[in-house]
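Naming: A, B, ... by sequence-line order, numbering from 1 per chain. The model shown is predicted, which means the values in this text are computed figures rather than measured ones.
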Protein chains: 2
Amino acid sequence: MCRPRDRADGMGVERYESPDAETVADVVSTALHEGAVVTAEVACEVEYDGRTSGYLGPGDRLVVAKPDGTLLVHQPTKHKPVNWMPTGGTIVTSVAETADEPVIVARRSNPRERVEVRVRETYGLTRFDAADAAEYEESGTEAEMHEYIEAHPEELEDGLRIVEHERETKYGFIDFYAVDAEGTPVVVEVKRVQATLNHFDQLKRYVSLYEDTGDVRGLLVAPSASERVERACRDAGLEFVALPEFETDATLGNATLTDFD
Amino acid sequence: MCRPRDRADGMGVERYESPDAETVADVVSTALHEGAVVTAEVACEVEYDGRTSGYLGPGDRLVVAKPDGTLLVHQPTKHKPVNWMPTGGTIVTSVAETADEPVIVARRSNPRERVEVRVRETYGLTRFDAADAAEYEESGTEAEMHEYIEAHPEELEDGLRIVEHERETKYGFIDFYAVDAEGTPVVVEVKRVQATLNHFDQLKRYVSLYEDTGDVRGLLVAPSASERVERACRDAGLEFVALPEFETDATLGNATLTDFD
DNA sequence: TAATGCATTTCGGAA
DNA sequence: TTCCGAAGTGCATTA
């Protein structure tokens, strides 16, 4: 394997300044094979072919290649990479004979697609042998909202009794199948975010399953809903239940020590 | 502004090996302010608070900060960053007094949220003054599929006539409002990808708007659909129309010269 | 600014 | 493997 021109001080990081095409191909291939992450500051063109197809003309970008086959091409703005290959791809880096330039190709099947990064110039290249066993822990998800509702169905309506969580039907899964104080079946669809028309649709689909078996109610539960969604519910005989206590707002969160600007 | 320890050869790239906390804070702030992208290989902890809240324990990650306020924290696998701030955030980098460690905080309001990266160790830091004016050009999108259908409605059904594209209703926009050979109104919902139950829902919502005005048909147009979606359509009196010519498959695309492995 | 729907959505879980 | 739905979805578009 090829050695970096400037051995980095940082543990697990090897840096190459303006590497030639062969070095790029060599380092990228070796690093990915050995489980390291590669970052490169390059001028490049990108071509994508697969679910759609597209072309990105020459420009300076940050390219990230991960050992799981992920490839990201980032422009200087935006959260989303302009081109990419998700986990599970195969990344092959070679040198285009015609131009003596590195070419990074990521592919996968199912769906069959392909990203080709034609590197015009490599300003810098970093191999990062990252050790990361940590898993992200999150709270405030819809799953937690489900737990809360299962424990406190009366927050939705007095006398409501949960019969089943995640009940499967021939048209999909119902969040909660419940029964109200009168004994009428209630289908409950829970959303962590503001309810949308699609959420309304979803509830309507589930409720329609039970309509021919007699009286059924449908509850759309969310922190809020647009006027249009509330109207759609009314028109369709469904009920929207606002649970504003699930409104997320970081101002309620505890500020940390480093929170001083 | 602080100078890099090792001046990079690459145009527009400045590299810092194992920079101390003050250098990190200085370089990140200056670079972002001046429109450059910053990449750092670090050991860090991350805390997020906003739409949900979460914590990522210590580990090695790639951190990318963009001048538009985007912040990305990447673990060594996956397409998606484990933590992030989308475009429009404000990134403030400082030095935690207690530990003499860099702390990168990205915030935004609407929704109010906050990412804090507590950097335990900085293996390397790169400032990249990327010049990129190119825009990604894409084809094969749903918009193009619409154009095709508008030009060739007979591909959906003999005698079908498009009356209106993107017709607005009180429950959202209909892809196509059309009339069949018999003069019956037809609501058409087009999907570029395999049709899902949500797509079926969407069509059903639109069709329901016209049901009280008389006979209406609903067409769900997509390259394919699951068995459950087809059944849902049948049960609801809607029709699924397969347009397999829009099945995306890169094997049909033209292989490029560099496509040699 | 809010609302609506597409997206090369990605991702995880279950059958 | 496919199917289904959540996601801190992001993002453009339009009112």
Side-chain angles (χ1 to χ4, degrees), chain A residues 46 48-54 70-71 73 77-89 106 108 110-115 136 138-143 145-146 166 168-169 171-175 189-199 201-202 205 224-229 248 250, chain B residues 48-54 70 77-89 106 108-115 136 138-143 145-146 166 168-169 171-175 189-202 224-229 248 250:
Chain A
V46 187
Y48 167 72
D49 208 351
R51 287 170 285 183
T52 62
S53 58
T70 297
L71 181 70
V73 181
T77 59
K78 301 288 164 65
H79 161 101
K80 285 181 58 174
V82 62
N83 280 107
W84 72 89
M85 180 64 62
T87 311
R108 68 164 172 168
N110 197 358
R112 182 167 295 277
E113 53 186 350
R114 177 179 184 282
V115 176
Y136 185 58
E138 195 176 26
S139 67
T141 60
E142 190 167 299
M145 201 165 164
H146 282 198
E166 307 273 304
E168 184 169 15
T169 72
Y171 293 152
F173 279 84
I174 291 176
D175 281 348
E189 180 63 32
V190 180
K191 293 298 160 185
R192 191 184 58 78
V193 296
Q194 171 168 302
T196 69
L197 283 170
N198 261 336
H199 301 152
D201 290 338
Q202 218 178 320
R205 188 207 315 155
S224 61
S226 70
E227 187 46 52
R228 183 121 72 152
V229 171
T248 65
Chain B
Y48 166 73
D49 208 351
R51 288 171 283 183
T52 62
S53 59
T70 298
T77 59
K78 300 289 164 64
H79 161 100
K80 289 180 57 173
V82 61
N83 280 108
W84 71 92
M85 182 62 64
T87 311
R108 67 165 171 168
S109 42
N110 199 354
R112 182 167 296 277
E113 52 186 351
R114 176 179 184 284
V115 176
Y136 185 56
E138 195 176 26
S139 68
T141 60
E142 190 167 297
M145 201 165 163
H146 281 197
E166 307 273 304
E168 185 171 14
T169 72
Y171 290 154
F173 280 85
I174 292 175
D175 282 347
E189 179 64 30
V190 179
K191 293 299 160 188
R192 193 185 55 79
V193 296
Q194 172 168 304
T196 69
L197 283 170
N198 264 339
H199 301 152
F200 155 80
D201 290 339
Q202 218 176 322
S224 60
S226 70
E227 187 46 52
R228 210 189 277 209
V229 171
T248 64

- Heavy-atom closest pair, residues Thr87(B) and Lys78(A): OG1-CA, 3.5 Å

- Within a strict 4.5 Å, meaning less than it, do heavy atoms of the Asp175(B) and Glu166(B) side chains meet? yes

- Message: Quick check on dG8(D): is either OP1 or OP2 less than 4.0 Å from any side-chain nitrogen or oxygen of Ser53(B)?
- Response: no

- Note on the structure: Protein-proximity profile, nucleotides 10-15 of chain D, B/S/- by nucleotide at the 4.0 Å heavy-atom cutoff, equals SSS---

- Item | Check: Thr169(A) and Ile174(A) side chains under 4.5 Å, non-hydrogen atoms | yes

- Item | Closest-nucleotide ordering on DNA chain C, the 5'-leading residue of Glu142(B) and Val229(A) | Val229(A)

- Can you find a donor-acceptor N/O pair under 3.5 angstrom joining the side chain of Asn83(B) to the base of dG8(D)? yes

- Would you say the side chain of His199(A) lies within less than 4.5 Å of the side chain of Val193(A), judging by non-hydrogen atoms? yes

- Query: Looking at Glu113(B) and Gly50(B), what are the two nearest heavy atoms and their distance?
  - Reply: CB-CA, 3.6 Å

- Message: Checking side chain to side chain contact (heavy atoms under 4.5 Å, CB included) between Tyr136(B) and each of Val73(A), Val46(A), Asn83(A), which is the one that passes?
- Response: Asn83(A)

- Query: Rounded to whole angstroms, how far apart are CD on Glu166(A) and C1' on dA6(D)?
  - Reply: 11 Å

- Task: First locate atom CG of Leu71(A), then atom CZ of Arg108(A), and finally report the distance between them rounded to the nearest 0.5 Å.
- Result: 12.5 Å

- Item | Out of dG5(C), dA7(C), dG8(D), whichever nucleotide has its closest atom nearest the side chain of Thr141(B) | dA7(C)

- Hey, what do you get for CG (Asp201(B)) to OH (Tyr171(A)), rounding to the nearest 0.5 Å? 11.0 Å

- Task: Take the protein atom CD1 of Ile174(A) and the nucleotide atom P of dC4(D), then report the distance between them rounded to whole Å.
- Result: 15 Å

- Message: Checking contacts here: which listed nucleotide (dT8(C), dT1(C), dG5(C)) is nearest the side-chain heavy atoms of Glu138(B)?
- Response: dT8(C)

- Using a 4.0 Å heavy-atom cut-off across all strands, classify Gln194(A) as base, sugar-phosphate, or nothing. sugar-phosphate

- Message: What's the gap between dT8(C) and dT4(C) when it is taken at their P atoms, as a whole Å value?
- Response: 22 Å

- Query: Just how far, in rounded Å, is C1' of dG8(D) from OH of Tyr48(B)?
  - Reply: 4 Å

- Once you round it to whole Å, what is the distance between P of dG5(C) and OH of Tyr171(B)? 13 Å

- Task: For Val82(A), answer base if it contacts any base atom (sugar-phosphate contacts may also be present), sugar-phosphate if it contacts only those atoms, and nothing otherwise; contact means non-hydrogen atoms under 4.0 Å.
- Result: base

- Regarding the side chain of Tyr136(B), the nearest nucleotide among dG8(D), dT8(C), dG5(D) is dT8(C)

- Would you mind reading off the distance between Asn110(B) atom CG and dA3(C) atom C1', rounded to a whole angstrom? 12 Å

- Would you classify Val193(A) as touching base, sugar-phosphate or nothing, given that sugar-phosphate means primed atoms plus P, OP1 and OP2, and contacts are heavy atoms under 4.0 Å? sugar-phosphate

- Item | Atom C1', compared across dG8(D) and dA14(C): separation rounded to whole Å | 24 Å

- Give Glu189(A) one of three labels, base, sugar-phosphate or nothing, depending on what nucleic acid heavy atoms sit under 4.0 Å from its own. sugar-phosphate

- Query: Across all strands shown, which nucleotide pairs with dT8(C) by Watson-Crick or G-U wobble geometry, both distances under 3.5 Å?
  - Reply: none

- Message: Any side-chain N or O of Arg205(A) below 4.0 angstrom from OP1/OP2 of dG5(D)?
- Response: yes

- Message: Looking at dG5(D), I'd like to know if its phosphate oxygens (OP1 or OP2) sit under 4.0 Å from a side-chain N or O belonging to Asn198(A).
- Response: no

- From the list dT4(C), dA6(D), dC4(D), which nucleotide is the closest neighbour of the side chain of Ser226(B)? dC4(D)

- Message: Could you tell me how far apart His199(A) (NE2) and dG5(D) (C1') are, to the nearest whole angstrom?
- Response: 9 Å

- Item | Closest-nucleotide 5' rank along DNA chain C - winner of Glu227(A) and Lys191(B) | Glu227(A)

- Task: Check whether any side-chain nitrogen or oxygen of Gln202(B) sits under 4.0 Å from OP1 or OP2 of dC6(C), and answer yes or no.
- Result: yes

